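Contents: one structure, followed by commentary.
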Amino acid sequence: MAFLSGRLSQRLALCAVAVLLPFFFVGGPDWASDPLYKSAWNLGHILFFGTLTLAIRPHQWLDGWRLWLASTTAALIAGCIIELLQGDLGRQSDIQDVFRNLIGMWLVMSWVSPLSFNNAPAPINLAIKWLMRAGAILLLAFQLQAVFDVARQQYRIAHQLPLVYDFNTTGAWRYWSGDVWLAEQHTENARYSLRLKLSTDHYSGTTLHNLPANWTDYDRLYIAMYNPASTPITLSLRINDLAHDRGDNAFEDRYNTKLTLKPGVNHFHIRLDAVKTAPATREMDMDDIRRLVIFTTQLDKPRTVFVTGLKLEKTEKHDHEQIKQETD
C-alpha cells in the first residue's frame, strides 16, 4: 500500500479528480442513450470517489470508526449535492449513484486506512481489515456484474432479429414501459404474450424502448394483437429513430398510423419504406430505430388488449398497401 499512501499517488489523484469532475455535469449518456452506455458510465462514480479519497486522504486527520463514519457521511452529502445539481441542469438523477460513490470511497479506504480498534487484539483487527476489503471488492463485483448482464442483454437484443421483441423473454420491464404485463394466454408460437391495460387518460399505452436498432435488411413490420372485447378498438402506432428522440419530437418527424383491432386475433403487416419516408424533412434512420409506441387517446372506458407478435419480415412481392391487416 506504499504507493497508495505516497505523495506521488496523491498528486496523480488530484489531477484525475480535476479531469473527472466536469463529467458529472457535461458529456456522457442522455435519456435516449442505450442501456449499456448508461450502465458502463455509472461505474465512473466508483472511479471518481475512489480517486477523490486518495486525493483528500481523510486518514490524515481521523482514524478508527470516526474516520469511517465521517468519510461515509461526507460522501453521502457530496453525492446528494451532485445528484441535485444534475437534476437542476436537466441531467438524470439516480439515487443508486450515491451508493456507487460510497463503494468507490470504501474500496480505497479498506486498503489505505482499514477500520481497526485500539483495544482489540491484533487477530481481530486483522480479520476486520480483510472482511472490509472483501466486502468492498464484493460490492464492486456486483456493480461489474450488473454491467456485464446489461452487455449480455444488449448483445442478445442486437442479434435476435427478425424478432423485434422475444415473447419468450421474462422481465418485460427491461424492454417496455407502461401498464404492460406478461401473460400466458393468447400466445403466438411463444411462451408469453403481453397484456396491455389501457386507461381513460388522454394518452394510455406502452413503449418498447429497448429493441434491435437496425431494420435495414427487412421490408415489413409484423404486429399481432388480440382484442378480447366484442367491439373494435383503435390504437395509434408510433415509430421513431434516435435523431427524433434527440430532436424536438415533432409529430411530422416520425411514423404515425392507426391500427383498428377487430374482436379476436389481428395481424398487421406494415411496409418499412412507409416508415422510412414518414419524417417530413428527412428519411428515418432505419439502422438506428429507437422507439415503438402503441397507445390510445381518451378512451371512454378502460380496455385490455394483448400483443402477441412483433417481428420484421422480408418479402419478395411488392404490393402497394401501406398496412395489410388480417384477422382470424
Side-chain angles (χ1 to χ4, degrees), residues 1-25 28-29 35-86 92-152:
M1 299 307 104
F3 174 74
L4 292 179
S5 303
R7 184 71 65 181
L8 176 60
S9 68
Q10 184 178 25
R11 290 174 180 171
L12 291 174
L14 284 169
C15 292
V17 166
V19 171
L20 294 173
L21 181 60
F23 290 104
F24 280 114
F25 309 105
L36 181 56
Y37 183 21
K38 292 178 181 178
S39 183
W41 184 268
N42 286 336
L43 294 178
H45 287 264
I46 298 174
L47 174 62
F48 178 82
F49 271 79
T51 305
L52 183 63
T53 304
L54 281 175
I56 294 177
R57 301 184 172 224
H59 59 276
Q60 296 177 102
W61 306 289
L62 296 170
D63 59 15
W65 66 268
R66 291 180 180 84
L67 167 64
W68 280 76
L69 178 60
S71 298
T72 298
T73 302
L76 280 171
I77 293 172
C80 290
I81 290 173
I82 288 172
E83 295 306 309
L84 289 172
L85 289 174
Q86 287 181 327
Q92 289 182 302
S93 298
D94 184 356
I95 193 63
Q96 294 187 52
D97 288 340
V98 178
F99 182 60
R100 295 183 185 101
N101 300 340
L102 292 175
I103 292 174
M105 184 205 68
W106 289 337
L107 188 64
V108 170
M109 287 186 58
S110 66
W111 291 93
V112 174
S113 50
L115 181 62
S116 62
F117 297 93
N118 294 332
N119 297 326
I124 296 297
N125 279 331
L126 182 64
I128 292 173
K129 175 174 69 175
W130 283 103
L131 280 172
M132 297 195 75
R133 288 175 177 176
I137 292 172
L138 188 61
L139 290 173
L140 175 63
F142 283 144
Q143 294 294 318
L144 294 174
Q145 179 65 43
V147 175
F148 175 77
D149 289 344
V150 172
R152 185 172 55 184

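Model, not experiment: these values are computed from the prediction.
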Practice item. Would you mind listing every salt bridge (Lys or Arg N to Asp or Glu O under 4.0 Å) that reaches into residues 107-132, with sequence neighbours excluded? Key: none

Exercise for review: Show your working on side chain to side chain contact (heavy atoms under 4.5 Å, CB included) between I56 and W61 and close with a plain yes or no.
Suggested key: CA-CA 10 Å; I56 294 177; W61 306 289; 3.9 Å; yes

Point to revise | Partner set under side chain to side chain donor-acceptor pair (under 3.5 Å) for Q60, not counting sequence neighbours | key: none

Check your understanding: For atom CZ of F25, is the number of surrounding heavy atoms from other residues, nucleotides or ligands below 6.0 Å larger than 12?
Key -> yes

Could you list the donor-acceptor pairs under 3.5 angstrom formed by side chains in residues 98-109, with sequence neighbours left out?
{"from": "R100", "atom 1": "NE", "to": "Q143", "atom 2": "OE1", "distance (Å)": "3.0"}
{"from": "R100", "atom 1": "NH1", "to": "D97", "atom 2": "OD1", "distance (Å)": "2.5"}
{"from": "N101", "atom 1": "OD1", "to": "H45", "atom 2": "ND1", "distance (Å)": "3.0"}
{"from": "N101", "atom 1": "ND2", "to": "D97", "atom 2": "O", "distance (Å)": "3.3"}
{"from": "W106", "atom 1": "NE1", "to": "T72", "atom 2": "OG1", "distance (Å)": "3.1"}

Revision key, fill the gap. Applying side chain to side chain contact (heavy atoms under 4.5 Å, CB included) to Y37 and not counting sequence neighbours gives P29, S33, D34, W41

Check your understanding: So do the side chains of L67 and P58 get within less than 4.5 Å of each other, counting heavy atoms only?
Key -> yes

Check your understanding: Is the distance between the ring centroids of F24 and F48 less than 6.0 Å?
Key -> yes

Practice item. Quick one: list whatever passes side chain to side chain contact (heavy atoms under 4.5 Å, CB included) with S39, sequence neighbours left out. Key: V147, V150

Check your understanding: Does any pair with a residue in residues 58-86 pass salt bridge (Lys or Arg N to Asp or Glu O under 4.0 Å), and if so which ones, sequence neighbours excluded?
Key -> none

Review point. Out of curiosity, Q145 CD to F142 CZ, how far, rounded to the nearest 0.5 Å?
Key: 9.0 Å

Point to revise | Evaluation steps, side chain to side chain contact (heavy atoms under 4.5 Å, CB included), between L144 and L43 | key: CA-CA 8 Å; L144 294 174; L43 294 178; 3.9 Å; yes

